[in-house]
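Everything numeric here is computed off the predicted structure, so don't read it as measured data. Below, all heavy atoms of this structure are taken into account, side chains as well, without hydrogens, waters or symmetry copies.
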Number of protein chains: 2
Amino acid sequence: MDTGDRLLTPGEVAALFRVDPKTVTRWAAAGRIGSIRTPGGHRRFRESEVRALLEGEGEFDEDNPPGSPSPASPPGAGATPRAAGSRPGGY
Amino acid sequence: MDTGDRLLTPGEVAALFRVDPKTVTRWAAAGRIGSIRTPGGHRRFRESEVRALLEGEGEFDEDNPPGSPSPASPPGAGATPRAAGSRPGGY
DNA sequence: TGATATTAGGGTAATTCGGGAC
DNA sequence: CATGTCCGAATTACCCTAATAT
């Protein structure tokens with residue numbers, strides 16, 4: 001039950017994602033990422049969760065590496081399955 | 001009645017919140033978190049209260065799976081005796 | 001008695017918050 | 001629709017020295 005992961009500051013998460021801290025705040029506000037608030041109102045994020053998001057947890061597919069001339073148009077191969085049910089926060 | 005009345009030092013609380021020990025002291029000075037003072041003037045915090053703050057103060061319930069450890073409310077466990085929804089200073 | 005690690009206190013910079021607009 | 005930047009305000013982080021706790 002130990003969630004024992006480090007907590008990251010908005011600036012840390014922003015640097016990891018290469019986005020603005022404000023954007024990270026928006027994600028948290030939208031419920032797209034879990035956030036813990038300090039008594040002062042500042043947010044802290046779990047490193048485990050951020051890492052999972054960075055790895056592309058729940059979102060993989062759509063790959064067409066250059067050099068993979070795969071015709072990519074398989075007749076019945078439902079390409080690009082836009083799975084939309086794997087979003088943390090499930091929305 | 002041991003609901004975990006273990007006392008934590010400012011450094012412990014600071015590590016849990018990923019903040020500076022000084023910040024934890026500031027919370028206590030602002031009355032945002034209960035604090036017990038040693039005869040020497042140092043502060044100690046209750047693990048129960050710190051944990052409640054970490055889990056999310058106000059937005060977590062709806063979870064009482066059968067078999068869950070009795071969250072319970074043993075006597076003398078006053079967790080959250082302090083109102084934490086107040087933001088003096090306006091925010 | 002000693003020594004070491006942590007904490008308290010004050011002050012100043014950096015970060016984050018919140019909302020609204022482009 | 002999502003992202004980045006602007007503002008003012010609050011919160012937090014790091015600097016220091018002295019006192020306390022173990």
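- Residue B/Thr9 places no side-chain N or O under 4.0 Å from the OP1 or OP2 atom of C/dT6.
- One finds no side-chain N or O of B/Thr23 lying less than 4.0 angstrom from the OP1 or OP2 phosphate oxygen of D/dT11.
- Within the 4.0 Å cut-off from OP1 or OP2 of D/dA21, at least one side-chain nitrogen or oxygen of B/Thr38 is found.
- Regarding B/Glu12, its CD atom lies at a distance of 13 Å from the C1' atom of C/dA5, rounded to whole Å.
- Separating the CD1 atom of B/Ile33 from the C1' atom of D/dT11 is a distance of 16 Å, rounded to the nearest angstrom.
- Of all heavy-atom pairs spanning A/Asp20 and A/Ala14, the tightest one is C-CB, 3.8 Å.
- Of the candidates C/dT16, D/dT3, D/dA19, the closest approach to any side-chain atom of A/Trp27 belongs to D/dT3.
- Checking the phosphate oxygens (OP1, OP2) of C/dT16, no side-chain nitrogen or oxygen of A/Arg43 falls inside 4.0 Å.
- For the atom pair CZ of B/Arg18 and OG1 of B/Thr23, the computed distance is 11.5 Å after rounding to the nearest 0.5 Å.
- A donor-acceptor contact under 3.5 angstrom links the side-chain atoms of A/Lys22 to the base of C/dG18.
- Side-chain rings of B/Phe45 and B/Trp27 stay apart, their centers remaining 6.0 Å or farther from each other.
- For B/Pro10, counting side-chain heavy atoms from C-beta on, the closest listed nucleotide (C/dA8, D/dT12, D/dA21) is C/dA8.
- Atom CG of B/Leu8 and atom C1' of D/dA21 are 16 Å apart (whole Å).
- Going from atom NE2 of A/His42 over to atom C1' of C/dT16 covers 4 Å, rounded to whole Å.
- You won't find any donor-acceptor pair under 3.5 Å spanning the side chain of B/Arg26 and the base of C/dT7, going by distance alone.
- In the set D/dT11, D/dC14, C/dG18, the nucleotide with an atom closest to the side chain of A/Arg37 is C/dG18.
- Computed from coordinates, the A/Phe45 CZ to C/dC17 C1' distance equals 12 Å when rounded to whole Å.
- Considering CD1 of B/Ile36 and CZ of B/Arg43, their distance stands at 12.5 Å, rounded to 0.5 Å.
- Between the C1' atom of D/dA2 and the CZ atom of A/Arg32 lies a distance of 8 Å, rounded to the nearest Å.
- Rounding to whole angstrom units, CG of residue B/Asp20 and P of C/dT15 are separated by 15 Å.
- Note that CZ of B/Arg44 is 10.0 Å distant from CD of B/Glu12, once rounded to the nearest 0.5 Å.
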